[in-house]
Amino acid sequence: MFLIVAPVSIFCAFVAKELMDKFSYGLGLPVMIAAVLFTAYDLSLLLLTSGRDPGIIPRNAHPPEPEGFDGNAEVGANQTPPVRLPRVKDVVVNGITVKTKYCDTCMLYRPPRCSHCSICNNCVERFDHHCPWVGQCIGLRNYRFFYMFVFSTTLLCLYVFGFCWVFIIKIRNAEQITIWKAMTKTPASIALIIYTFIAVWFVGGLSVFHLYLMSTNQTTYENFRYRYDQRDNPYNKGVMENIKEIFFTTIPPSKNNFCGRVEQEHGLRPRPTNGFMSPNMGRAVGDIEMGRKPVAWDEPRMAAEIGDLGAGLSNLLEDKDGRFRTTSPDLSRDALAVGGGLEEHGSSAMNPGRSSWGVEAGR
């Protein structure tokens, strides 16, 4: 916002105001009013881009069940091994097969054109890129406003650039001096000309690039990853239909209730045992598309269970002869302690002096 407001303020104070005061053409006031209104419009688009939900898909509390899986079927240690969720699924889009990937963080299969942002840590529909300048992902619900912001910033740069030259030319004509001497009389105009000339290459180039992406119905992510110019693009409907899809279609409502109250879960919930695992359960994985830091699929839940297990064991008291005097009355914690037998045996192996705990507890 500072990069937009600061140069426009300098333009109004040292260029538009001088045009209004020193020249009787009635030019300065309309130029200043237009600059202020254009800046307000540009900033409103910036806030719409950064403040809207870009299309975040809510996370699942548990991984989805494999197709054809019977939730009532019991799967034991000596029976059929757990079913592993497939890493990818095939979806047909306009007659072309598109692979949808499983997201280990959000525990869902991403819809077509969806990707997981490693900065926002969310799956975003029609993910284009994460823009650090607006501090937000650019996706399905704010791409329209992002392009309008970039394009209007380009026009604002050209506007300031052009009227700075108008002011210099008017000084030259009024004082009958060379253009170089006229430039020395308005250093603010020179600074703004240099600033806007540099800025317009960035925002102007970005505007042209995204105009190409819109005309071919691509996202920045797809353009760099899939190279649709060398293969069939299942989303391309023709230039006019592609532009219409961006600017003249209804923006879908957000899938998140950001004003809602999050319900806190009380007590220990039983761990679901549906007999299937994530595609990457038991090994560290990273997000293939976004290069996320590898994390274990089950790591958050395992950490929570270990914390509950430690809290349950802290309630156990020993007699002088090593026997337990009391146990936790919470049956769910006792069940968890039994379920965590593998960890207890492992700790006994590492600490031989405590190997009698399990024997004493069993008496």
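Sequential numbering from 1 along the given sequence is applied to the chain's residues.
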For this session: Quick one: which residue pairs count as a salt bridge (Lys or Arg N to Asp or Glu O under 4.0 Å) with a foot in residues 177-190, not counting sequence neighbours?
Result: Glu175-Lys185
Exercise. Who else is in Leu108's hydrophobic cluster (ILVMFWY, side-chain heavy atoms under 4.5 Å, direct or via others)?
Worked result: Ile57
Exercise. Side chains of Ser152 and Asp42: do they bring a donor and an acceptor to under 3.5 Å?
Worked result: yes
For this session: For the pair Phe149 and Phe145, evaluate ring pair (Phe, Tyr, Trp, His ring centres under 6.0 Å) and give the outcome as yes or no after the intermediate values.
Result: CA-CA 6 Å; Phe149 162 68; Phe145 302 104; over 10 Å; no
Problem set entry | More than 12 heavy atoms of other groups within 6.0 Å of Phe38 CZ | yes
For this session: Mind checking salt bridge (Lys or Arg N to Asp or Glu O under 4.0 Å) for Lys244 and listing every partner two or more places apart, or none if nothing turns up?
Result: none
Problem set entry | Closest heavy-atom pair and its distance - Phe11, Cys164 | CD1-SG, 4.0 Å
For this session: Go through the side-chain N and O atoms of Thr220 and Asp128 and say whether any donor and acceptor fall under 3.5 Å apart.
Result: yes
Problem set entry | Lys/Arg cation over aromatic Tyr235: Arg113, 6.0 Å, 45° cone | yes
Exercise. Quick check, are the ring centers of Phe163 and Phe167 under 6.0 angstrom apart?
Worked result: no
For this session: Take the angle between the ring planes of Phe146 and Tyr143 and call it parallel below 30°, perpendicular above 60°, tilted in between.
Result: tilted
For this session: Please say whether more than 12 non-hydrogen atoms of neighbouring residues, nucleotides or ligands are located less than 6.0 Å from CZ in Phe258.
Result: yes
Problem set entry | Nearest heavy-atom neighbours spanning Asn256 and Ile56 | ND2-O, 2.9 Å
Problem set entry | Close side-chain approach of Arg59 to Met107, heavy-atom, < 4.5 Å | no
Seminar exercise, completed: So CG of Leu213 and CG of Leu206: to nearest 0.5 Å the spacing works out to 9.0 Å
Problem set entry | More than 12 heavy atoms from other groups under 6.0 Å of CZ on Phe202 | no
Exercise. Checking ring pair (Phe, Tyr, Trp, His ring centres under 6.0 Å) for the pair His129/Phe224: CA distance, chi angles, key distance, verdict?
Worked result: CA-CA 11 Å; His129 69 287; Phe224 281 91; 9.9 Å; no
Exercise. Could you walk me through whether Phe151 and His210 pass the ring pair (Phe, Tyr, Trp, His ring centres under 6.0 Å) check?
Worked result: CA-CA 10 Å; Phe151 184 68; His210 278 279; over 10 Å; no
Exercise. So do Val124 and Gln136 actually touch side chain to side chain, heavy atoms under 4.5 Å?
Worked result: no
